[in-house]
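In what follows, a single structure is set out as C-alpha cells and then discussed.
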Protein chains: 2
Amino acid sequence: MKSETKIRNSGCPVAFGLDTFGDRWSLLVIREIMLRGKRTYSEFLQAEEGIATNILIDRLKHLESQGILEKNRDPENRRSFVYSLTSKGYDLAPILIELIIWSGKHDDRANAKRDVLEEIQRDRDSFEMKLRGV
Amino acid sequence: MKSETKIRNSGCPVAFGLDTFGDRWSLLVIREIMLRGKRTYSEFLQAEEGIATNILIDRLKHLESQGILEKNRDPENRRSFVYSLTSKGYDLAPILIELIIWSGKHDDRANAKRDVLEEIQRDRDSFEMKLRGV
DNA sequence: ATTACATATTGCATTTCGCAAGTTATTTTT
DNA sequence: AAAAATAACTTGCGAAATGCAATATGTAAT
C-alpha cells in the first residue's frame, strides 16, 4: 500500500480530503456501502465499474487505516468479513450527495439514473439521514 | 491526455463525477481558482502541493474539455492565458465546501488551517456566494 | 536582435493499475 | 475424514499514469 506513504500534508483541508479518499475508487466503495447496502469484499467486486482485486484490497486497507471503514467478521457467515462505515465514514454523506446533485445537473446522457437525484431534491435532509442509517 | 479515453460510463452519478474531476489534482486546481483567486498556468504551478508541468497541462485540458474551465488570453498581459470557471465549474462549490467541512471535522493535525472552516460555519450560504463570485 | 517571460512538450525512470492466476482459511458436501 | 465450494486475499507481469528535468514554442519588452 504505497499510496499511503505519499502524503502532501499541505495543511489545506481540500488536500487532506483528497489524500484520504480522493482517488478513482475509494468513493465508489463508499457508494456501494452507503447507497447500495453492500458490505463484503466479494460484493464490492461485483460493482458494475469492475474494480481489480488488488486495487480493491488496497483501498479497503487504506480506508480502514484512515478510520473511514472498519472490518469485522460476519456473525452470520464465519468465512466472510463485513466492512462498515465508521461515523467518520458516514460524515462523507454530504459530499456524496453534492456529487450526485452536480452530476444530475450536468450529466446529460440519456441513461443517467435520475431516481436518486429526485429523491434528494424532494427532501435532502431525510435522504442524508437515510444514508447515515438513522 | 489518455485519462480522457478511460470512461467508466456506468450511468451512476458518483462515477460520472469521479470520471470528470475525481483525480488527485483536478480539485486542487479548482481550489486555486475558487478559493485563492489564481488564474494562470504559472500561478497553479506555484501551489504548495507541487504539481508537475505535464500533469498540470493535462488536467487543464481535461477540465476544459469537460466544460469546467475555459481558457482565454489575459487582456492585461497578452502573453498569458487566464483559466476561469464556467458555471458548470462554479457548481462544484458545494462539493468543495462539504470537503472542507469534512476535513475540518476530521483532520486533527495542529497545523490544519481553520480560518476558512470558521467562515463557512458562520454563514455557509454567503460563503458559497463568495466562491461563485456573486 | 537579444533577453525575458509564460505556456507547453518531450524523454525517461518510477510508480500505480489492471488482469489473470494462485494461495490461504473456512465451511459445506459426500 | 476427504473433497469441493466459497470468501478473502496475494502475486506476477505487461500497460498506463506519474514525477522530474530538460527543452521547445510563442509573445513581449529593451
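From a predicted model like this one, the values you see are computed outputs, not experimental measurements. Protein chains get the first letters and strands the later ones, always in sequence-line order, with residue 1 at the start of each.
Side-chain nitrogen and oxygen atoms of B:Trp25 include at least one within less than 4.0 Å of the OP1 or OP2 phosphate oxygen of D:dG19. When the side-chain nitrogen and oxygen atoms of B:Arg59 are compared with OP1 and OP2 of D:dT18, one or more of them lie within a distance under 4.0 Å. The phosphate of D:dG26 (OP1 or OP2) has no side-chain N or O of B:Tyr41 nearer than 4.0 angstrom. Dashed line: the shortest gap from a side-chain N or O of B:Lys71 to OP1 or OP2 of C:dA6 is not under 4.0 Å. At least one side-chain nitrogen or oxygen of B:Tyr83 sits closer than 4.0 Å to the OP1 or OP2 atom of C:dA8.
Checking C:dC19, D:dG19, D:dC9 against the side-chain heavy atoms of A:Asn54 singles out C:dC19 as nearest.
Note: CG (B:Leu18) to P (C:dC17) measures 14 Å, nearest angstrom. Atoms CD (A:Glu43) and C1' (D:dA7) sit 11 Å apart, rounded to a whole Å. When rounded to the nearest whole Å, the span between CG of B:Asp58 and P of D:dG19 equals 11 Å. Between the CG atom of A:Leu45 and the C1' atom of D:dT10 there is a distance of 13 Å, rounded to whole Å. When the P atom of C:dT16 is taken as reference, atom CZ of B:Arg24 falls 9 Å away, rounded to whole Å. Between the CD1 atom of A:Ile51 and the P atom of D:dA8 there is a distance of 14 Å, given to the nearest Å. Atom CG of A:Leu56 is separated from atom P of D:dC9 by 9 Å (rounded to the nearest Å). We find that CD of B:Glu49 is positioned 16 Å from P of D:dT18, with the value rounded to whole Å.
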Could you list all N or O pairs between the protein and nucleotides 27-30 of chain D that sit under 3.5 Å apart?
from	atom 1	to	atom 2	distance (Å)
D:dT27	OP1	B:Arg73	NH2	3.3
D:dA28	OP1	B:Arg78	NE	3.3

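Taking 3.5 Å as the limit, the base of C:dT7 and the side chain of B:Ser42 contain no donor-acceptor pair of atoms between them. For C:dT7, the base has no donor-acceptor partner in the side chain of B:Thr53 [N/O atoms by modelled type, under 3.5 angstrom].
In terms of the side-chain hydrogen bond (donor to acceptor under 3.5 Å, both in side chains) criterion, residue partners of A:Arg36 (sequence neighbours excluded) are, by chain and number, A:Glu32, A:Glu48.
A donor-acceptor contact shorter than 3.5 Å is absent between the side chain of B:Ser26 and the backbone of B:Gly22. Without hydrogens or angle criteria, B:Arg73 side chain to B:Val82 main chain gives no donor-acceptor distance under 3.5 Å.
With 3.5 Å as the limit, one finds a donor-acceptor pair spanning the side chains of A:Asp123 and A:Ser126.
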Tell me which donor-acceptor pairs under 3.5 Å the side chains of residues 49-56 of chain A have, and how far apart each pair is, sequence neighbours excluded?
from	atom 1	to	atom 2	distance (Å)
A:Glu49	OE1	A:Arg31	NH2	2.8
A:Glu49	OE2	A:Arg31	NH1	2.9
A:Glu49	OE2	B:Ser10	OG	2.7

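Toward the 5' end of DNA chain D, the nearer of the two residues A:Phe81 and B:Asp23, judged by each one's closest nucleotide, is A:Phe81.
Salt-bridge formation is not detected for the pair A:Asp23/B:Arg24: no Lys NZ or Arg NE/NH1/NH2 atom is positioned less than 4.0 Å from an Asp or Glu carboxylate oxygen.
Using a 4.0 Å heavy-atom cutoff across all strands shown, A:Phe44 reaches no nucleic acid atom at all.
B:Phe81 carries B:Lys71 over the face of its six-membered ring, with the cationic atom under 6.0 Å from the centre and within 45° of the normal.
Between B:Phe21 and A:Trp102, the ring planes are perpendicular. Angles over 60° get that label, and only those under 30° would be called parallel.
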